[in-house]
Undergrad: 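The following block contains the structure, expressed as structure tokens.
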Amino acid sequence: EKKNVIDKTGGLLGIGKTSKLNSNFNTGNFTRIDYTKVLTIPINSKKIKVITTHPTDSYSLDKDGDQIKTLTVTQPEKFWAASKFLVVVNN
């Protein structure tokens with residue numbers, strides 16, 4: 001939110017808002033990767049929300065106890081087809 005990457009819309013009095021990728025965000029806030037080689041992304045959080053659209057059957061969240069350690073892309077072509085950006089919010 002601080003870097004204007006996500007936009008919260010809807011809801012009433014701050015309740016029920018949904019987060020989505022802002023349409024005019026600065027791409028410089030992202031790390032460029034070769035999506036065919038980078039398949040594991042460190043998360044290290046108890047609870048997350050994937051903001052960008054990616055098919056749930058194209059990735060897995062790898063846990064250690066109640067901690068989500070990594071997001072592993074299991075089907076890169078399918079995962080990156082919907083969005084060339086990945087935005088994850090730690091809750």
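Keep in mind that the numbers below use all heavy atoms, side chains included, and drop hydrogens, waters and symmetry copies.
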Undergrad: With clusters defined by side-chain heavy atoms of hydrophobic residues (ILVMFWY) lying less than 4.5 Å apart, directly or transitively, does Val38 cluster with Ile48?
TA: yes

Undergrad: State, yes or no, whether a side-chain contact exists between Ser58 and Val73 at a heavy-atom distance under 4.5 Å.
TA: no

Undergrad: Can you tell me how far the CG atom of Leu86 sits from the CH2 atom of Trp80, to the nearest 0.5 Å?
TA: 5.0 Å

Undergrad: So how far is it from Asp66 CG to Ser45 OG, rounded to the nearest 0.5 Å?
TA: 10.0 Å

Undergrad: Find out whether Asn44 and Gln67 are in side-chain contact, i.e. whether some heavy atom of one side chain is under 4.5 Å from a heavy atom of the other.
TA: yes

Undergrad: What distance separates Ile68 CD1 from Ile43 CD1, expressed to the nearest 0.5 Å?
TA: 7.5 Å

Undergrad: Any side-chain to backbone donor/acceptor pair from Ser60 onto Asp62? Under 3.5 Å, distance only.
TA: no

Undergrad: Which residue pairs pass the salt bridge (charged side-chain N to carboxylate O under 4.0 Å, His left out) test when at least one of the two sits in residues 69-91, sequence neighbours left out?
TA: Asp57-Lys78

Undergrad: Taking all non-hydrogen atoms of both residues, which atom of Leu39 and which atom of Pro76 are closest, and how far apart?
TA: CD2-CG, 3.5 Å

Undergrad: Could you grab the distance from atom CD1 of Ile41 to atom OG1 of Thr70, nearest 0.5 Å is fine?
TA: 9.0 Å

Undergrad: Do Ile51 and Leu61 share a hydrophobic cluster, counting only Ile, Leu, Val, Met, Phe, Trp and Tyr and linking them when any side-chain heavy atoms are less than 4.5 Å apart?
TA: no

Undergrad: Does one hydrophobic cluster hold both Ile33 and Val87, with members joined at side-chain heavy-atom distances below 4.5 Å?
TA: no

Undergrad: Return the set of residues passing ring-ring contact (aromatic ring centres under 6.0 Å, His included) with Phe79 (not counting sequence neighbours), or none when no residue passes.
TA: His54, Tyr59

